[in-house]
Each structure stands twice: as C-alpha cells, then as structure tokens.
Amino acid sequence: YYGRLKKEAGSEEGAKIVIGKDTRRSSYMFEYALAAGITASGADAYLLHVTTTPSVAYVTRMDDFDCGVMISASHNPYYDNGIKLLNGNGEKMEEATISLVEAYLDGELEAFGEKLEEIPFAKKSAIGRTVDYVAGRNRYMGYLISLGVHSFKGMKVGLDCANGASWNIAKNVFDALGAKTYVINANPDGVNINENAGSTHIEHLQKFVLENELDVGFAYDGDADRCLCVDEKGQIVTGDHILYILGKYMKAQGQLDNNTVVTTVMSNFGLYKALDREQIGYAKTKVGDKYVYEHMTKNHCMLG
C-alpha cells in the first residue's frame, strides 16, 4: 500500500517499514513473518529487535519511515500477542488504512480503483531487503538522555521492567543521567513478561522501594508505553497524580499551551478539583490514547 502510494506520487523508491518487538517468545515468529511479507511485496523491513513502543514511534517519525509496526500485546500474558500499526508520523495508523487491511483479510479489498484478490509479489530486483536497525533503538536512548535537564546524581531510582521491552533500555537511561539505579524483573525468557511484575503488579515495586530505601520507583508494562510511579514511602503515584504534577509544573514554566490538560472519562473527580484549584483547564475524551492524542493535536494541547 505505501509502495503504491509512493509510485503514484512519482517516486521510484520502495516503501521503508520499521519493526520493533517485545520479549514474548512468539514475537520472533511475528517479526520474521512480517519481514517476509514486507520484503516479498517490494518494501524494505528495518528491524529494531526488542524495543519499546515509544521508540518505534520515535524512529518512524525521525528516520522518515513510511510506517512502523510494534509486535506486542502490551500488559497481557506472554501467550497473547498482536501488532500495533503506526503511520509515518509515529502516530496510531489512520482508521481508513486499517480498514483496508481488514478488507484484504476478508477478501474484499478495493484500492486504487481496482479490486485486489491478492497482494502482488515483487520480482527480481524489486524484492525488498531486511536491514538490522538496532542503531535506531540506541539513538532513541540518546534522545531520552538528551531530555534530562537536571542531574539525578545522588538519587536512588527503582525500576520494574516487567521482563518486557524496557529491560535493556530503562536502566541505561537513568544511569546516564547520574542516578543509582536498582532494577527488578529485567530477565526476560520469553514467557515471564508481565508475570507477577510491572505496572499491573505494582505491589512488588512498592516493597522493593521500601526495602532498599529508594527515592522513587517506576513500573512499566510489557511494551513500556505506560508506567506507574511509587514515591519514597512506597505509595502509588497514579496517572492522574502524574498529570496533575506535570500540569502544575508546565504551567509554572509557561509551557502549558491553552492552559489545558487532556484526560479521559476514566480520570478521577479529585484530579479535576485539584486542577480547578490551580486554575488549569481540562478536557475529557473517550477512553483510549488515540482519542486523547486527537484532541491534543486538534486543540494544540501539550499534555494528556
């Protein structure tokens, strides 16, 4: 589809698609199947290997890929898996494109003014390549480190990596920023992802922070696109708390455009009362990061 779009726009280049995966054993199976299908249709497949969902979004956008794929079932058990599709901006793929995929699976694909029973295979020199692209993941780590404006020297930080995608990224970033980093659940074996670990089992990080007298703890899910925090007393800092803290800070720094924090209808009433007190506006969307992001881009909001 993306190759055809390029051709119709007059480009001779094939499509470039970047793929990341989490630590599930079946993620390898998906990765190789996707790479085979992509190259067989004339596009190049770039493999980030085990990495986080946000890193795939970042690399897709920054390195001019036509789209990105993350192989993960997020916070689910190891025996579930799936794929997340991202457009060239690193955002969730448009529904219209996803509908074409579904139509093809149902044998009812009509695109570019014709009915396509089968996706045409590339031949000879038009066949795509598979490229090892672990350098993209490393650049993402460098990007995260560059965001740090304060040294974490002297801070003791706990991380629960859920035996998932953050296991080989998170510690390196905190270490580089000067923190003394303590890690649990960073030994993935393909079947222990999210098992009694990570943001769905925050009690383990709470205990870990207290036992080691840490200053703060962060627990990720399997593909590290969400986290929960634990303070030095072992108390959970929820997503609503994080939104409030960031909103208040950004307003004080003059960075909260439109003076609005975007939430979903799942946010706690206490958050709205706290934002009212700080004279910060808020919006409520349907549940799902897609809806939050749509509202943010449409209304030029900075935090959601």
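- Side-chain contact of Tyr272 with Thr263: a donor-acceptor pair under 3.5 Å is present, judged by distance alone.
- With no hydrogens or angles considered, no side-chain donor-acceptor pair links Thr52 and Asp225 at under 3.5 Å.
- Between Tyr133 and Tyr46, the ring-plane angle classifies as perpendicular under the 30° and 60° cut-offs.
- Under a hydrophobic-cluster definition in which Ile, Leu, Val, Met, Phe, Trp and Tyr are linked whenever side-chain heavy atoms come within less than 4.5 Å, directly or via other members, Met141 and Trp167 are assigned to different clusters.
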For this session: Test salt bridge (charged side-chain N to carboxylate O under 4.0 Å, His left out) on Asp64 and Lys16 and set out the steps.
Result: CA-CA 8 Å; Asp64 292 325; Lys16 284 169 45 187; over 6 Å; no
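- Counting heavy-atom neighbours within 6.0 Å of Glu13 CD, excluding the residue itself, gives a total of 12 or less.
- Nearest heavy-atom pair, Thr51 versus Val56, reported as atom, atom and distance to 0.1 Å: CG2-CG2, 3.8 Å.
- Using cut-offs of 30° and 60° for the angle between ring planes, the Tyr58 and Tyr140 rings count as tilted.
- Between Asp63 and Arg139, at least one side-chain N (NZ, or NE/NH1/NH2) sits under 4.0 Å from a carboxylate O, which counts as a salt bridge.
- For the pair Lys21 and Phe30, the NZ or CZ position fails the cation-pi test of under 6.0 Å to the six-membered ring centre and within 45 degrees of the ring normal.
- Heavy-atom neighbours of Gln279 CD from other residues, nucleotides or ligands within 6.0 Å: at or below the threshold of 12.
- For the pair Arg4 and Phe112, the cation sits on the ring face: its NZ or CZ lies under 6.0 Å from the ring centre, inside 45° of the axis.
- Checked by atom type, the side-chain pair Asp132/His49 shows a donor-acceptor distance below 3.5 Å.
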Problem set entry | side chain to side chain donor-acceptor pair (under 3.5 Å) evaluation trace for Gln255 with Tyr249 | CA-CA 9 Å; Gln255 297 173 347; Tyr249 175 80; 5.8 Å; no
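- Follow the hydrophobic side-chain contacts under 4.5 Å out from Ile38 and you reach Met93 in the same cluster.
- For Glu91 and Tyr293, the side-chain atoms include at least one donor-acceptor pair closer than 3.5 Å.
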